[in-house]
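In what follows, a single structure is set out as structure tokens and then discussed.
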Amino acid sequence: MNVGLRLLGFLYGILLRAYQSPFRSQFGDEMQQVFNEALEEAARQGWRNTLLVFWREVHDLPANLARESREWPVANEGEYFQDSFNSLLADQPPGSWHSALLAGIPHLLYALGLFLPSMAEEIANPLVYWLADSRAFWLLVFAILLLAWKRAWPRWSHSWLGYGLVFILHQVKALFPSGPLALLILVAWLALIMITLLWLARRDWLGGLLAALPITPMWVWWVSMEGARGGAAESTLYISIGLLVALAVIAIVRVGRWQTAVWLILAVILAAGLPLSYGTTFFKDLPVSSRQEPEGWNLVIGVISNYAAMLVFTAPLWLLALWRQVRQWKAPI
Amino acid sequence: MNASPEIQTHLPLTEVTYFILLSLAPGPRHGYAIMKDVRSLSKGRVVLSTGTLYGALKRLLEGGWILRSDEAQPNGKGRERKTYRLTELGRHILEAELERLDSLVSAAQLRVASDAP
């Protein structure tokens, strides 16, 4: 099988992940095998036929998924709530303090790593500056991810995994700062993030949530940092939000309830969104002496865009919650 | 032969179900063979994706219309393949559908013949 066919086979494997787990475990291997056979035969008739085979799968996927999803409760009448999807969003056993702290701490460390240097400039303490350098944070992230890999990815490690995902973009963006390739890379990265988060969240909502959360502050803070090093006041704001996110994560892991998690995250987004949005608009691209309070559309657009970024990066979780709600409405009485 | 009322409740079949059952009528087949056979039986009009095929096979298995079993590869090489075959119920349903279609066509032919100048 040549590289092109292998790639299509790999992409088909990703498509298969969209089916519900019981269906996949019953037919997934067989479907992959049949798809590979169909691809090989089509390849003998030319690349156009090969692409048609793949396109047919993509084209039929939404209808097939809808059909499987609709029929699942009927096929398992009386056992609806044993459906793997619903058990996926079922309450988790409360996490230990140890795992809750390990899941929460990177949010605070990241905020410190990113914003303590600008505070340190004001208080002129080189030791603090060095300790808070972001490079130390990234080294820690990779050390923790290595440890997590050795320990088969315990749940708390998903917080660190989220930061690892953003670090990839951080590095790639540094290599390709502008131009069409940079845009392409950004789009590819966004697709990778969404697929990874959806995959994680489908396996385990809490793991998916932990991995999604770093991306939200990273995105918003990173954008804000492009133009701003606002000193102690701004840094205090952002570090406070890092602490807020860390506390929310600790509470979510400790409690392990889906409803609690949704409300806490919503509260963090609402609480952090306004000062973040205001701050990023206020501190944007201007030296400290000439900063002015944002007004009118600047303020509105700044606030909306940052809230939108937060909602987009937690989208897999909202979609799962929405999906669950719709399915509960449709559940047999 | 008239189908029992219980079998009548399953009719008419969808086109996909009809062609899959028809494909399995001569004997057991594996997934890819069904896919190709459906295309050939429908003269290229019905081309199944794997998702559509296996969604339909799942429902037929649940309904007890077909059975799934392992087929050893020749020479004992390679992975075992799953094959599907019609059950008695599946065969009765297919026969009932063929009867239904036959009666539709007969009625149409009679009417067209009598209307002809």
Side-chain angles (χ1 to χ4, degrees), chain A residues 1 8-9 11-45 48-79, chain B residues 9-10 13-20 23-24 28-74 76-85 89:
Chain A
M1 202 185 263
L8 288 177
L11 292 175
Y12 178 76
I14 293 175
L15 289 185
L16 274 181
R17 304 290 309 174
Y19 286 95
Q20 303 210 29
S21 161
F23 182 83
R24 257 195 349 260
S25 59
Q26 192 178 4
F27 296 109
D29 288 347
E30 206 179 328
M31 287 169 79
Q32 180 82 57
Q33 192 183 353
V34 168
F35 176 77
N36 291 343
E37 284 181 71
L39 265 191
E40 282 178 27
E41 186 163 318
R44 286 194 281 274
Q45 298 156 11
R48 190 172 167 275
N49 285 303
T50 313
L51 289 180
L52 267 178
V53 169
F54 184 73
W55 167 244
R56 199 175 298 127
E57 298 296 338
V58 175
H59 177 269
D60 288 1
L61 186 70
N64 289 331
L65 286 180
R67 196 180 300 116
E68 290 310 315
S69 171
R70 202 170 51 240
E71 287 184 354
W72 195 250
V74 178
N76 295 273
E77 206 167 354
E79 296 177 1
Chain B
T9 60
H10 298 298
L13 299 179
T14 64
E15 202 169 31
V16 168
T17 304
Y18 168 74
F19 277 120
I20 291 175
S23 168
L24 294 176
R29 285 180 196 274
H30 55 77
Y32 187 51
I34 298 172
M35 217 171 169
K36 287 204 296 186
D37 203 33
V38 166
R39 186 175 195 157
S40 157
L41 285 168
S42 66
K43 296 188 168 63
R45 199 170 48 77
V46 179
V47 184
L48 300 175
S49 62
T50 57
T52 308
L53 172 66
Y54 280 91
L57 288 176
K58 184 189 121 202
R59 288 187 289 283
L60 296 178
L61 282 166
E62 285 166 355
W65 298 14
I66 60 172
L67 284 175
R68 188 186 195 210
S69 53
D70 290 322
E71 177 195 72
Q73 289 290 82
K77 289 179 182 172
R79 295 168 62 178
E80 279 189 342
R81 304 183 76 159
K82 303 285 183 192
T83 57
Y84 298 86
R85 65 182 168 85
L89 174 64

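Small disclaimer: the values here were computed from a predicted structure and weren't measured. Heavy atoms only: backbone and side chains are in, while hydrogens, waters and symmetry mates are out. Letters go in sequence order (proteins before strands), and every chain restarts at 1.
Residue B:L53 holds its CG atom at 11.0 Å from CG of A:D60, rounded to the nearest 0.5 Å. To the nearest 0.5 Å, atoms CD (A:E57) and OG1 (B:T52) are separated by 7.5 Å.
Residue pairs meeting the ring pair (Phe, Tyr, Trp, His ring centres under 6.0 Å) criterion with at least one partner in residues 34-64 of chain B, sequence neighbours excluded, are A:F27-B:Y54.
Contact record, B:S49 with A:N64: OG-ND2, 3.8 Å, taken as the closest heavy-atom pair.
Side-chain atoms of B:M35 and A:E37, non-hydrogen and from C-beta on, never get closer than 4.5 Å to each other.
Contact check on A:E30 versus B:R68 returns a salt bridge, with a Lys/Arg side-chain nitrogen under 4.0 Å from an Asp/Glu carboxylate oxygen.
Neither the backbone nor the side chain of A:Q32 comes within less than 4.5 Å of any heavy atom of chain B. Contact of B:L61 with chain A is made through the side chain alone, with heavy-atom distances under 4.5 Å.
B:D37 meets the salt bridge (charged side-chain N to carboxylate O under 4.0 Å, His left out) test with B:R29; sequence neighbours excluded.
More than 12 heavy atoms of other residues, nucleotides or ligands sit less than 6.0 Å from atom CZ of A:R56.
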